[in-house]
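Reviewing the structure listed below.
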Amino acid sequence: MIERLRKPWPDHRAERTLGAVSLLIGVGVVAMVVFVATKSWPIFEHNGISWIFGGGDFETEVAKMTAASNKPAASVYHLRAWPLIYGTILTSGIAVVLGMTIAVLSSVFIVELAPRRVSRIVIPMVRLLASVPSVIYGLIGILVLVPFVGNHIISNGEKTSVQNVVQLTGAGLGVTVVILTIMITPIMVALICEALSSVPPSWREGAVALGLNPLRAVRAVTLKAIRPAIVAAAVLATARALGEAVMIEMVSGGKTFSPKPVDGAVFFFEPLRTLASAVLDYHDGITSPPLGATVYALALLLLFSAFALSVTGYLVKLPLRKYQTRG
Amino acid sequence: MSTYAPGASSGRGRRSSPMSWRWGDRLVLVAAWGAGIFLCIVAAAIVLYMGYRGIQDLRPDLLVTRPRVGSDGSEAGGFLDPLLGTMILTAVGILLALPLALSSAVWIAEYGRPNWLARVVESSIEIVAGTPDIVIAIFGLAVFQISLLGPLSFTSEGGGVYGRSFIAAGAMMSLLALPPIYAATRDGLQAVPGHQREAAFALGKTRITTIRRVLLPSVRSNIATGVTLGVSRIIGSTAIVLILLGGLRTETQGPVPLLGVLRGTGSSLTSYVYENSPAGEGGAPQKAYAAAFLLLIFVLVLNLIVDRIGRAQERTTGMTAGGAIV
């Protein structure tokens with residue numbers, strides 16, 4: 001047997017083996033969807049699709065599920081998870097918009113404006129920012145930013161104004177969004193920088209020759225040419241933001257609450273919970289059938305969002321192929 | 001924004017200096033510099049602050065003492081177990097991911113027929129890359145809780161399968177490491193000039209021999225880059241460890257020495273940081289800072305390695321390793 005393996009393989013067998021091994025990954029993906037979907041089925045069975053809408057109190061529903069016996073009544077499966085979805089959209093949305101602005105500006109800075117000496121310092125710094133583990137961001141958030149915001153930025157008046165509804169400790173939307181922005185900006189910078197430097201310099205030089213100043217030339221020509229890459233970067237960053245569980249769990253206050261924009265400045269200090277952080281939070285209760293199904297349903301929603309974003313990213317990147325650049 | 005204003009920028013002289021630009025343009029210029037410098041300051045602040053706390057709190061004896069189990073287990077002892085746990089996880093994850101990633105990269109780049117099947121494999125790797133690690137973790141829990149796979153994970157006395165072990169966590173970690181290794185290897189293979197293959201074929205080599213003797217050796221540094229990126233993803237992943245390993249000390253399962261550890265539960269540096277922060281059970285911020293500092297050093301070193309490999313490759317072959325600019 002070993003003798004046979006040592007000999008050079010015939011080509012067709014090698015091809016088939018390699019292909020089969022590669023196909024394992026596809027099988028794994030299918031298994032992932034099937035597993036998560038079947039585990040979450042009871043939630044769909046009892047709530048239909050309406051569990052992703054509002055109209056219930058998520059925390060009392062979960063409390064009921066935790067307290068339920070092994071063969072729970074159908075009513076226990078009642079679930080309305082809108083606050084989590086709202087929290088996810090809110091944090092990812094604000095972070096992506098903020099991060100996009102910073103990323104486009106700093107990419108233009110790195111590729112077009114900065115002297116080579118400066119950009120050689122900036123690039124490793126941004127790369128470092130991208131590779132810091134999320135738990136370190138969370139640690140800094142919970143031990144530095146949250147106490148700072150809680151003690152110095154939120155006034156006592158603001159604390160008492162919402163006292164009856166929610167306690168403001170500093171952990172909440174504001175800190176979450178700030179850290180999330182810093183986490184996803186480097187990803188966008190990487191993609192936008194790559195696209196920026198793949199635009200032929202002659203395009204921009206032509207614009208400069210026509211009398212535009214260099215910055216306008218970048219804006220009018222280069223940035224327009226890489227619009228698909230910018231959208232692709234936003235999509236990728238959104239995917240990353242959606243899936244961030246650990247950091248958000250650490251700094252978001254750990255309370256299912258929907259921050260309300262009508263509250264004014266307090267809005268930014270109100271706690272929230274996202275889909276991913278809820279999965280992390282409740283994974284211990286997975287042995288209770290209804291709660292387990294809930295956790296898997298949340299994971300399924302995340303999985304589908306990530307999937308949808310992948311497809312969007314692929315479609316958006318198609319026009320880039322025209323320029324033969326990889327986005 | 002994009003309306004052209006002829007003459008606006010061409011004051012005196014041929015070169016336009018920022019001083020002659022419109023206010024809006026100058027503002028954008030300042031904002032661009034500001035954004036770039038802001039990112040640098042944030043990165044520097046994180047490293048310096050972690051360094052400051054780490055040097056304060058990291059004592060060598062922490063590295064070699066095990067966490068002690070007590071009423072408040074995380075108060076006492078060091079983080080030998082988490083350190084070893086991180087290494088075991090990395091080893092298991094890379095060992096599982098490497099063959100999978102290499103064979104799919106080779107297959108896609110060198111064979112890739114039938115076309116639709118190649119598309120399936122490519123897009124499933126893309127899906128794996130895009131799946132949040134929390135979902136991967138919860139999927140792993142579902143898989144390893146099947147009682148058939150019970151022997152691979154920690155089981156209670158009564159025979160209940162927890163689905164938690166180094167094997168379970170490592171297997172899911174391999175999904176994190178797979179995409180970077182695959183992408184780096186594939187890009188490397190696609191960048192190998194065609195005449196190298198043709199030369200090998202002309203010498204009478206079969207395709208697979210060419211791959212083994214010519215192509216794979218020439219993309220060694222790409223593979224190394226991919227593996228390093230994979231390692232840094234594994235080291236930094238917290239959710240998978242929290243869900244699939246969950247424990248402070250390494251608890252072995254069964255009498256077989258190595259297998260016992262792999263089947264048992266434990267912790268990694270990331271989960272140690274999490275558990276010792278106010279978010280976890282223990283309130284030992286100093287320990288958390290110390291472990292986080294160690295983690296950051298690992299990440300920095302891995303970054304340096306990727307950089308080195310890339311530069312060395314650029315020098316020798318003139319092509320860039322499979323990494324982006326940033």
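Every chain is numbered from 1, with letters handed out A, B, ... down the list of sequences.
Atom-to-atom distance recorded for B:Asn276:CG and A:Leu139:CG is 9.5 Å, nearest 0.5 angstrom. To the nearest 0.5 Å, atoms NZ (A:Lys39) and CD1 (B:Ile138) are separated by 9.5 Å. In this structure, OG in B:Ser123 is found 11.0 Å from CD1 in A:Ile25, a value given to the nearest 0.5 Å. Taking CG from B:Leu300 and OG from A:Ser131, the interatomic distance works out to 7.0 Å, rounded to the nearest 0.5 Å. Expressed to the nearest 0.5 Å, how far CG of A:Leu280 lies from CD1 of B:Ile243 amounts to 5.5 Å. Rounded to the nearest 0.5 angstrom, B:Thr238 OG1 and A:Glu249 CD are separated by 12.0 Å.
Between A:Leu242 and B:Pro132 there is no side-chain heavy-atom pair separated by less than 4.5 Å. At least one side-chain heavy atom of A:Leu18 sits under 4.5 Å from a side-chain heavy atom of B:Ile208. A heavy-atom distance below 4.5 Å is not found between the side chains of A:Met125 and B:Leu39. Inter-residue side-chain proximity for B:Thr206 and A:Pro10 is flagged as unmet; no heavy-atom pair is nearer than 4.5 Å. Using a 4.5 Å heavy-atom threshold, the side chains of A:Asn213 and B:Arg22 count as separate. Looking at B:Val299 and A:Val132, their side chains never come closer than 4.5 Å, going by heavy atoms from C-beta outward. In this structure the side chain of B:Tyr274 never reaches within 4.5 angstrom of the side chain of A:Ser134, judged on heavy atoms. Using a 4.5 Å heavy-atom threshold, the side chains of A:Leu143 and B:Arg53 count as separate.
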key: Verdict with supporting geometry, A:Asp11 and B:Arg212, salt bridge (charged side-chain N to carboxylate O under 4.0 Å, His left out)   = CA-CA 12 Å; A:Asp11 231 8; B:Arg212 249 188 26 207; over 6 Å; no
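The contact between A:Val36 and chain B is made entirely by side chain atoms (from C-beta outward), counting heavy-atom distances below 4.5 Å. For A:Leu24, the part sitting under 4.5 Å from any heavy atom of chain B is the side chain, from C-beta outward, and nothing else. Looking at A:Ile140, only its side chain comes within 4.5 Å of chain B, counting heavy atoms on both sides. Looking at A:Ala276, both its backbone and its side chain come within 4.5 Å of chain B, counting heavy atoms on both sides. The part of A:Thr185 that comes within reach of chain B is its side chain, from C-beta onward, which places non-hydrogen atoms under 4.5 angstrom from that chain. In this structure, no portion of B:Ser232 lies under 4.5 Å from any heavy atom of chain A. Looking at A:Ile182, only its side chain comes within 4.5 Å of chain B, counting heavy atoms on both sides. For A:Val29, the part lying near chain B is the side chain, with the backbone staying farther off; criterion is any non-hydrogen pair under 4.5 Å. Using a 4.5 Å cut-off between heavy atoms, B:Phe38 contacts chain A through its side chain alone, with no backbone atom that close. With a 4.5 angstrom heavy-atom cutoff, B:Val143 touches chain A via backbone and side-chain atoms both.
Among B:Arg233, B:Arg113, B:Glu110, the residue with the largest count of heavy-atom pairs under 4.5 Å with chain A is B:Arg113. Options B:Ala101, B:Gly112, B:Ala142, B:Ala292 differ in how many heavy-atom pairs under 4.5 Å they form with chain A, and the most are formed by B:Ala142. For the set B:Tyr289, B:Tyr182, B:Phe139, the entry with the most heavy-atom pairs within less than 4.5 Å of chain A is B:Phe139. If you tally non-hydrogen atom pairs under 4.5 Å between each of B:Leu295, B:Leu302, B:Val106 and chain A, the highest count goes to B:Leu295.
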